[in-house]
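Below: one structure, written as structure tokens.
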Amino acid sequence: MALESASLLKAGLVLLMAAQVLPSASSCNRGFYERMINDLCLAKFKFDMGALDQGLWCSWPDTMEIYEGLTNCTFQVALRVDCFWPNQIVDRFFTQVHRIYFHDCALTGRLIHDPPTSILAPFIAVPVLVTLLMTALVVWRSKRTEGVL
């Protein structure tokens, strides 16, 4: 008897929790949410990115604030229209944004550039010097044939 009442209590708690979660999940108007993030968030993002030089679009320090604003906007709109966040709409939205604005960027999010000269110079100088030294050693040794054999 006690076992049955415990399982009934658990089932009742699960149903009570489901009753509170399901209405908020079903009250999300996905079409309206998608229009709102396109009209509000994407419009501001486009404006901010348009004000930024296109050469800096792949520079995370330059775009971080704009991108965080876009992320926050999609979250705030989700709260206002009673939708979960993140969701499939947001995933598709950010995929679209990345396809348009960040498709040429490196996977690390950094601009590709040469390393500083202080790092690059030893990687060039050491092999050149070793090659010259070995060549000089071979030439010097080939002129000294005494004692060979």
Side-chain angles (χ1 to χ4, degrees), residues 1-140:
M1 183 73 173
L3 186 60
E4 284 180 16
S5 67
S7 65
L8 283 175
L9 181 62
K10 285 180 186 177
L13 286 173
V14 168
L15 287 174
L16 180 64
M17 290 173 64
Q20 290 183 357
V21 171
L22 287 177
S24 66
S26 64
S27 68
C28 175
N29 185 340
R30 298 170 68 88
F32 180 68
Y33 176 60
E34 192 167 8
R35 278 193 313 275
M36 292 301 290
I37 61 173
N38 281 316
D39 292 347
L40 297 174
C41 305
L42 187 59
K44 175 151 178 25
F45 181 77
K46 283 180 179 179
F47 178 77
D48 292 341
M49 290 297 282
L52 188 65
D53 181 39
Q54 193 167 355
L56 298 174
W57 283 6
C58 291
S59 172
W60 180 243
D62 295 313
T63 58
M64 179 175 58
E65 188 175 326
I66 299 169
Y67 194 83
E68 286 176 350
L70 179 66
T71 305
N72 187 43
C73 181
T74 61
F75 177 69
Q76 293 298 325
V77 171
L79 287 178
R80 301 297 189 280
V81 298
D82 205 20
C83 290
F84 286 111
W85 190 93
N87 55 42
Q88 289 178 334
I89 296 169
V90 172
D91 290 342
R92 281 195 314 266
F93 176 78
F94 276 100
T95 302
Q96 175 189 358
V97 166
H98 280 259
R99 196 173 293 134
I100 294 169
Y101 289 95
F102 305 114
H103 64 278
D104 287 334
C105 298
L107 292 177
T108 60
R110 300 181 189 157
L111 290 173
I112 299 172
H113 56 82
D114 290 335
T117 306
S118 61
I119 293 175
L120 193 59
F123 283 101
I124 294 172
V126 169
V128 169
L129 290 175
V130 168
T131 303
L132 291 174
L133 180 65
M134 293 305 291
T135 305
L137 184 65
V138 167
V139 170
W140 176 74

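Numbers here simply count residues along the sequence, with the first being 1. Just so you know, these numbers come straight off a predicted model, no measurement behind them.
Interatomic distance, CH2 of Trp60 versus SG of Cys105, reported as 11.0 Å (0.5 Å rounding). Taking CG of Asn72 as the start and CD of Glu65 as the end, the distance is 11.5 Å to the nearest 0.5 Å. Taking CG from Asp91 and OG1 from Thr95, the interatomic distance works out to 6.5 Å, rounded to the nearest 0.5 Å. How far SG of Cys73 is from CG of Leu42: 9.5 Å, rounded to the nearest 0.5 Å. Note: Phe32 CZ to Cys83 SG = 9.5 Å, rounded to the nearest 0.5 Å.
The main-chain N or O of Met49 is found under 3.5 Å from a side-chain atom of Trp57 such that the two form a donor-acceptor pair.
Residues Tyr33 and Thr74 approach most closely at OH-O, 2.9 Å, considering heavy atoms. Between Ser27 and Asp82, the shortest heavy-atom distance links the atoms OG-OD2, 2.7 Å. Residues Ile37 and Ile89 share a closest heavy-atom pair of CD1-CG2, 3.9 Å. Closest approach of Thr117 to Pro122, counting heavy atoms only: O-CD, 4.3 Å.
No side-chain heavy atom of Val126 sits less than 4.5 Å from a side-chain heavy atom of Phe123. Contact check for Tyr101 versus Thr63: no side-chain heavy atoms found under the 4.5 Å cut-off.
Sequence neighbours left out, the pairs with a member in residues 27-52 that pass salt bridge (Lys or Arg N to Asp or Glu O under 4.0 Å) are Lys44-Asp48.
When the side-chain hydrogen bond (donor to acceptor under 3.5 Å, both in side chains) test is applied to Tyr67, the partners found at least two apart in sequence or on another chain are His98. Residues forming a ring pair (Phe, Tyr, Trp, His ring centres under 6.0 Å) with Phe93 (at least two apart in sequence, or on another chain): none. In this structure Asp62 satisfies the salt bridge (Lys or Arg N to Asp or Glu O under 4.0 Å) test with no other residue, sequence neighbours excluded. For Arg80, the side-chain hydrogen bond (donor to acceptor under 3.5 Å, both in side chains) partners two or more places apart in sequence, or in a different chain, are Gln76.
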I'd like a table of donor-acceptor pairs (distance under 3.5 Å, sequence neighbours excluded) in which one partner is a side-chain atom from residues 128-137, with atom names and distances.
residue	atom	partner	partner atom	Å
Thr131	OG1	Pro127	O	2.7
Thr135	OG1	Thr131	O	2.8

Check against side chain to side chain contact (heavy atoms under 4.5 Å, CB included), Phe94 and Thr71: CA-CA 9 Å; Phe94 276 100; Thr71 305; 3.7 Å; yes

Please step through side chain to side chain contact (heavy atoms under 4.5 Å, CB included) for the pair Trp85 and Val77, ending with a clear verdict. CA-CA 9 Å; Trp85 190 93; Val77 171; over 6 Å; no

